[in-house]
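Below is one structure, written out as structure tokens; the observations come after it.
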Amino acid sequence: MSPPRVTRRTLMTGLLLGAFAGCSGDAPRSEDATAEESPSPERSPGPDPSGSRARLVTLHVSGGYAGVDKEIAVRTDGSYTTSLRDIPGRTGRFTPAELSRLRRLLDGARLGTQPSRNVDPDLRDQFLYRVTYGDHVVVTDLSDPVPPLSDAIALLERALDRAVED
């Protein structure tokens with residue numbers, strides 16, 4: 001018995017089916033998608049023992065159709081460092097008013113009372129926002145926004161955008 005003949009049509013059909021297999025809509029369920037939550041040890045800044053430069057908050061944004069991967073780490077003195085996939089880390093500083101507003105928003109979000117993961121498993125290509133504030137880590141896709149938290153994320157993202165523009 002001779003082996004089956006592979007035609008160009010059979011080969012193309014197999015390639016197309018293989019390509020579409022990755023687009024099957026079987027996105028990870030919220031309880032299965034833990035890779036986004038794993039902190040990047042080389043990128044996640046730890047507390048600075050100097051006191052006034054200790055970490056206040058970190059926002060890590062990932063996902064989306066283009067595979068966004070960016071982070072901002074804000075210290076208690078208002079200085080921050082950004083990390084973006086294709087752009088070297090940049091530094092900046094929040095104004096005293098911005099820093100005060102950020103603190104109010106984060107305190108108002110009461111992250112300790114929020115679920116640690118609030119992600120709609122039916123959304124596709126959504127952004128995931130991992131906020132680390134004090135001892136609390138919350139991952140959200142903002143599909144069910146908590147106004148103080150979503151406002152804090154917006155403020156942090158504006159700083160990230162400024163880092164990209166500079």
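One distance of note links CG of L142 with CZ of F127; it measures 10.5 Å at 0.5 Å rounding. Taking CD1 of I153 as the start and CG of L160 as the end, the distance is 11.5 Å to the nearest 0.5 Å. Once rounded to the nearest 0.5 Å, the distance linking CG of N118 with CG of L128 reads 11.0 Å.
Identified under the side chain to side chain donor-acceptor pair (under 3.5 Å) test for residues 138-150, with sequence neighbours left out: D141-S143. For residues 86-117, the set of pairs meeting the ring pair (Phe, Tyr, Trp, His ring centres under 6.0 Å) definition, not counting sequence neighbours, comprises Y80-F94. The stretch residues 134-157 participates, sequence neighbours left out, in no ring pair (Phe, Tyr, Trp, His ring centres under 6.0 Å) pair at all.
Put simply, the residue from V138, T132, D135 that forms a side chain to side chain contact (heavy atoms under 4.5 Å, CB included) with L111 is V138. A side chain to side chain contact (heavy atoms under 4.5 Å, CB included) with L156 is found for exactly one of V57, V61, D151, namely V57.
Shown here for S62 and H60, the closest heavy-atom pair between the two residues is CB-CE1, 3.8 Å. Residue Q126 comes nearest to D120 through the heavy atom pair NE2-O, 3.8 Å, listed as atom of the first residue, atom of the second, then distance. Considering all non-hydrogen atoms of both residues, L59 and E157 come closest at CD2-CG, 4.1 Å.
Two residues are said to be in side-chain contact when any heavy atoms from C-beta on lie closer than 4.5 Å; T82 and K70 fail this criterion.
Shown here are the salt bridge (Lys or Arg N to Asp or Glu O under 4.0 Å) partners of R93, two or more places apart in sequence or in another chain: D77. With sequence neighbours left out, T81 forms a side-chain hydrogen bond (donor to acceptor under 3.5 Å, both in side chains) with R75. For T95, the side chain to side chain contact (heavy atoms under 4.5 Å, CB included) partners two or more places apart in sequence, or in a different chain, are A97, E98.
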Contacts table for residues 99-109: side-chain donor-acceptor under 3.5 angstrom, sequence neighbours left out:
residue: S100; atom: OG; partner: R104; partner atom: NH1; Å: 3.0
residue: R103; atom: NH2; partner: T76; partner atom: O; Å: 2.9
residue: D107; atom: OD1; partner: Y133; partner atom: OH; Å: 2.6

